[in-house]
Amino acid sequence: MTRREAAAAAGAVLVLLAAAGCTTAARPGGGTPTVTSAPASPTASGNSHGWSKQRLKGAIAKHTGVTRTAKPNVLNGLVGAVFTRNADGDHFCTASVVDSAGLNLIVTAAHCVWDPKLGQRSDLVFIPGYRNGDTPSGVWPLVAVTVDNGWKDHADPDVDVAFAVVQAQNGQQVQQVLGANKLGVNRGYQLPVRITGYPGSSDVPITCSNNTTEQSPTQVRIDCPDYTGGTSGSPWVTDFDPDTRTGTVVGVIGGYQQGGDSPDTSYSSYFGDRVQVLYDRATQ
């Protein structure tokens, strides 16, 4: 058991979204969310929300490497805690919705859902937008998990990534309810990303933005404080699209040391060709 999991068993454009005041709300059990946003405040230069390029760059620089509570907005609403059975138990990992033809796929770390010695972990549920015991976007059981054979056979840290199909609720798939981030592969090692996840010791998510760096040809790292147990599987999101209010997932906390043994530095398996093959298998 890694330090992150042990702690759980015991707890740049992306800044624009939060500043714009966008929020989501959904009926319990997977109802369709309602998107609300603060009124646009056009400036003389035509920028909505009053955000000039200069102001945006300043805001991003101010928040780089700073961890804070994640606001209940559209982008953060794609992220959820992974529980055993239901919301009454402990959450020990994080996952997020990723775009798929079936509209029913989430991405997380392989070590969250598959033990090489015991096989697939059963009775897991994904609860997006979980906060303080509330399940505003429903509870979504995991019904099928896809991991690389390298992880199955010997816990290869270079493929500590998993895709899972979640069961439809109230006749709707999870992507129909929430939307989804795109999957990004072979995007390189140095990218501005935002990471949102659920520490096992907290019932609200945290978020942090920073630039990634190369740990090795098969691993990427990022410095963001306080990513303790429970944050494994947290998505690394880049290329925020202000129209869809979603982005592109280029990593998840995992990989080297199953995410790292320090809460201030996290790792991800590099999203390259093997992750693309894994995604293709999961969506067949």
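All values reported here derive from a predicted model rather than from experimental measurement.
For the atom pair CG of L78 and CD1 of I106, the computed distance is 12.0 Å after rounding to the nearest 0.5 Å. To the nearest 0.5 Å, atoms CD (Q172) and CG (L178) are separated by 9.5 Å. How far CG of N86 is from CG of L124: 11.5 Å, rounded to the nearest 0.5 Å. Interatomic distance, NZ of K152 versus CH2 of W114, reported as 4.0 Å (0.5 Å rounding). Annotation: the span from I222 atom CD1 to D264 atom CG amounts to 12.5 Å, rounded to 0.5 Å. Here the OG1 atom belonging to T283 is positioned 9.5 Å from the CG atom belonging to L183, to the nearest 0.5 angstrom.
Surrounding CG of D153 are more than 12 heavy atoms belonging to other residues, nucleotides or ligands, all under 6.0 Å away. Environment of CZ in R85: sparse, with no more than 12 heavy atoms of neighbouring residues, nucleotides or ligands closer than 6.0 Å.
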Step by step, would you call D156 with D148 a side chain to side chain contact (heavy atoms under 4.5 Å, CB included)? CA-CA 9 Å; D156 184 351; D148 189 276; 5.7 Å; no

Yes or no on side chain to side chain contact (heavy atoms under 4.5 Å, CB included) for V147 and V159, after CA distance, side-chain angles and deciding distance? CA-CA 8 Å; V147 297; V159 282; over 6 Å; no

S96/V107 under side chain to side chain contact (heavy atoms under 4.5 Å, CB included): CA gap, chis, key distance, verdict: CA-CA 6 Å; S96 62; V107 63; 3.6 Å; yes

Under the criterion side chain to side chain contact (heavy atoms under 4.5 Å, CB included), I'd like the reasoning laid out for C208 against I195: C-alpha separation, chi angles, the key distance, then a yes or no. CA-CA 5 Å; C208 174; I195 303 179; 5.5 Å; no

Stepwise side-chain hydrogen bond (donor to acceptor under 3.5 Å, both in side chains) test for Q276 and D280: CA-CA 6 Å; Q276 181 66 62; D280 292 342; 3.0 Å; yes

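Residues satisfying the side chain to side chain donor-acceptor pair (under 3.5 Å) test with E214, not counting sequence neighbours, are none. Residues passing the salt bridge (charged side-chain N to carboxylate O under 4.0 Å, His left out) test with D223 are R221, sequence neighbours excluded.
A donor-acceptor pair is defined here as one N or O able to donate and one able to accept, closer than 3.5 Å; no such pair exists between the side chain of T248 and the backbone of K182. N181 places a side-chain N or O within donor-acceptor distance of the main-chain N or O of G247, the cut-off being under 3.5 Å. Judged by distance alone, with hydrogens and angles left aside, the side-chain atoms of S232 form no donor-acceptor pair with the main-chain N or O of C93 at under 3.5 Å. Using a distance-only test at 3.5 Å, with no hydrogens or angles considered, a donor-acceptor pair links the side chain of T94 to the main chain of G230. In this structure, the side chain of S202 does not engage the main chain of P199 through any donor-acceptor pair within 3.5 Å. Under the 3.5 Å distance criterion, the side-chain polar atoms of Y279 are left unmatched by any main-chain donor or acceptor of V185. No donor-acceptor pair closer than 3.5 Å links the side chain of W236 to the backbone N or O of T212.
The disulfide bond (SG atoms under 2.5 Å apart) contacts involving residues 240-281 comprise nothing, where partners must be two or more places apart or lie in separate chains.
Ring-plane geometry between Y267 and Y256 is classed as perpendicular, the angle between the planes exceeding 60 degrees on a 0 to 90 degree scale with a lower cut at 30. Aromatic ring pairs are classed by plane angle as parallel below 30°, tilted from 30° to 60° and perpendicular above 60°; the pair F83 and Y130 is perpendicular.
In this structure, W140 and P128 approach most closely via the heavy-atom pair CD1-CD, 3.5 Å. Closest approach of Q173 and G102 over heavy atoms only: CG-O, 3.7 Å. Shortest non-hydrogen contact noted between V161 and V252 is CG2-CG2, 4.5 Å.
Proximity of Y198 to V82: side-chain heavy atoms (C-beta onward) are nowhere separated by under 4.5 Å.
Side-chain polar atoms of Q190 and N211 form no donor-acceptor pair below 3.5 angstrom.
Residue L103 is not grouped with residue V166 when hydrophobic side chains (ILVMFWY) are merged at heavy-atom distances under 4.5 angstrom, including chains of intermediate members. The hydrophobic cluster containing V143 also contains L105, counting ILVMFWY residues as joined when their side-chain heavy atoms lie under 4.5 angstrom apart, directly or transitively.
Under the side chain to side chain donor-acceptor pair (under 3.5 Å) test applied with D160, the options Q257, H111, Q219, Q258 reduce to a single match, H111. The side chain to side chain donor-acceptor pair (under 3.5 Å) test with R194 singles out one residue from N210, T238, N76, and that residue is N76.
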